[in-house]
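All values below were derived from every heavy atom in this structure, side-chain atoms included, with hydrogens, water molecules and symmetry-related copies excluded.
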Amino acid sequence: MSNAVKVEVLSARDVPLGGPRSMTVRRTLPQRARTLIGAWCFVDHYGPDDVADTGGMDVAPHPHTGLQTVSWLFTGEIEHRDSLGTHAFVRPGELNLMTGGHGISHTEVSTPRTTVLHGVQLWVALPDEHRHADRDFQHHVPTPVEMEGAEVRVFLGELQTSSSPVRTFTPLLGAELLLRPHATLKLTVNADFEHGLLVDKGQVDMAGTLLNPAELGYLGPGRDTLTLTNDTDDAARLILLGGEPFEEELVMWWNFVGRTHEDIARAREDWTTGDRFGVVKGYEGDPLPAPELPNVPLKPRGRVR
Ligand code: MN
C-alpha cells in the first residue's frame, strides 16, 4: 500500500448554543468541505467547561426527526428526559443513543453535581427506509479493552476484537481511544468505511498527518489499516467515527433531518402545533420554539467526495 495517504483536516467553528451564559461548542461536521462521515452527520465537541462560568447545559424540550443522537461524555453528568418517558443520566464512558425516527422530543440538563462538562454530541442520519422509525432510547456501557498502547471503548459497531451490541440502521463505527504517550496503534479497519478522527486532547499523527485538539481528520474508504501515533509525553484522547459512505442527499435544518424542504417545513409545523414529537415530562420550563424558516427553499446536500 502506498504511503501517500491523504488525510483531510477539518477545523472546528465555534457555535454558541444559547442560554443565559451561553455554552459554546466546537462544530466540525457538517461543514462546506464535508457533510457526512458514513451516516455521521453532526459532530459537536465541548469543554472542558467550568459550569460555574458557562452555566452548564440546560436545553429545554426540543424535537428531533430523521436522526439518532449520541451523547458521550468525558467529564460531568447530564440528565436526559424524552417523550418516550425515558429518564436517564448520561455519564462518562456510557453510550446514550436516542432514535428520533418519526419524532421525539427531549431535554438535556447538566446535574448539580457537575462541575466540569466535557464531551461530544453526535448525530447519525437515518436511511430513508427507517427515517420514520419508532422513537427509541438505548443505553450501553462498553467494556474498555486494551489494544497496543491504547484503551479503547467501542460504543457502536466493531473494531478489531471489540464490538457493541447496539443496533444501528447503517454500518457504523464509534469508539473512544485513549492513546498513551509515545504509543503507536495500528488498527485493522473496514476498508468499505470512511473514517473520521476527532482529537479531544493531545496531539496525534493520523496516517502521516498531525492533528491538534478539536480537529477532525478524515480518510476516505479503501484502506484496511489505520495507524495512529502519539509522539508526545501526554496521553491523547480521540473519538474514532466510521461508516459506509451514505449516498442519500439530506436536508438538515435546526434539529431535523429530512430529504426535502417540505419535510422540514412539515416537521416545523408539527412541532409548533401538533403532537408528532410527544411531550417531555418532568422539565420545568417552556419548550424551545422553532426558528423561522429561511426565505429561500432549503436545498438537499449530499456526500462530498
Ligand atoms: Mn437534542
Side-chain angles (χ1 to χ4, degrees), residues 17-19 23 25 39-44 46-47 51 56-114 117-127 130-143 153-157 164-170 172 174 176 239 254-258 267 270-272 274-290:
L17 285 190
M23 183 177 153
V25 301
W40 297 102
C41 63
F42 189 89
V43 175
D44 267 2
Y46 53 87
V51 301
M57 187 181 279
D58 185 355
V59 189
H62 62 280
H64 287 290
T65 186
L67 60 91
Q68 294 175 300
T69 65
V70 169
S71 303
W72 184 265
L73 287 179
F74 306 122
T75 317
E77 185 183 57
I78 294 168
E79 189 170 17
H80 163 99
R81 297 175 194 271
D82 65 38
S83 57
L84 196 64
T86 310
H87 179 210
F89 290 91
V90 181
R91 294 183 175 121
E94 303 186 1
L95 171 74
N96 288 275
L97 176 72
M98 184 179 79
T99 301
H102 184 59
I104 198 168
S105 54
H106 74 139
T107 60
E108 295 153 294
V109 181
S110 49
T111 61
R113 36 181 187 260
T114 298
L117 202 55
H118 188 185
V120 290
Q121 158 99 208
L122 313 166
W123 292 1
V124 176
L126 293 176
H130 294 297
R131 68 189 176 101
H132 295 290
D134 292 340
R135 59 182 70 136
D136 189 34
F137 186 88
Q138 292 182 70
H139 175 86
H140 171 62
V141 184
T143 304
R153 290 172 170 80
V154 177
F155 51 83
L156 283 178
S164 165
V166 176
R167 182 192 168 211
T168 59
F169 290 92
T170 53
L172 280 184
E176 179 187 308
I239 294 286
W254 195 41
N255 295 305
F256 305 138
V257 174
D270 290 345
W271 174 242
T272 307
D275 59 2
R276 167 173 170 181
F277 297 96
V279 173
V280 183
K281 295 200 174 74
Y283 179 87
E284 285 185 36
D286 293 333
L288 288 179

pair E94-W72: side-chain heavy atoms closer than 4.5 Å:
no
Under 3.5 Å donor-acceptor pairs involving side-chain atoms of residues 81-88, not counting sequence neighbours:
residue	atom	partner	partner atom	Å
R81	NE	G282	O	3.4
R81	NH2	E79	OE2	3.1
D82	OD1	L84	N	2.8
D82	OD1	G85	N	3.2
D82	OD1	T86	N	3.0
D82	OD1	T86	OG1	3.1
D82	OD2	H80	NE2	2.8
D82	OD2	T86	OG1	3.0
S83	OG	S105	N	3.0
S83	OG	F277	O	2.8
H87	NE2	E79	OE2	2.6

Tested for side-chain hydrogen bond (donor to acceptor under 3.5 Å, both in side chains) against T99, the lone hit among R135, Q68, H130 is Q68
Considering only heavy atoms from C-beta outward, does the side chain of V70 approach that of F42 to under 4.5 Å? no
Is NZ or CZ of R167 both nearer than 6.0 Å to the six-membered ring centre of F169 and within 45° of the ring axis? yes
Taken in chain and number order and not counting sequence neighbours, the residues that satisfy side chain to side chain donor-acceptor pair (under 3.5 Å) with H62 are H64, H106
Self-check item: Y46 side chain reached by L73 side chain, heavy atoms, under 4.5 Å
Solution: yes
Sorted by chain and number, sequence neighbours left out, side chain to side chain donor-acceptor pair (under 3.5 Å) with T65 holds for R276
- prompt: Heavy-atom distance under 4.5 Å between the side chains of P142 and V154, does that happen here?
  reply: no
Q: Verify, without hydrogens or angle tests, whether W254 (side chain) and P63 (backbone) share a donor-acceptor contact under 3.5 angstrom.
A: no
Contacts of D136 meeting side chain to side chain donor-acceptor pair (under 3.5 Å) (sequence neighbours excluded), chain-then-number -> Q138
With sequence neighbours left out, the residues meeting side chain to side chain donor-acceptor pair (under 3.5 Å) with T111 are E77, T114
_Side chain proximity check, L117 to M57, heavy atoms < 4.5 angstrom_ = yes
Across all chains, not counting sequence neighbours, the ring pair (Phe, Tyr, Trp, His ring centres under 6.0 Å) partners of H132 are H102
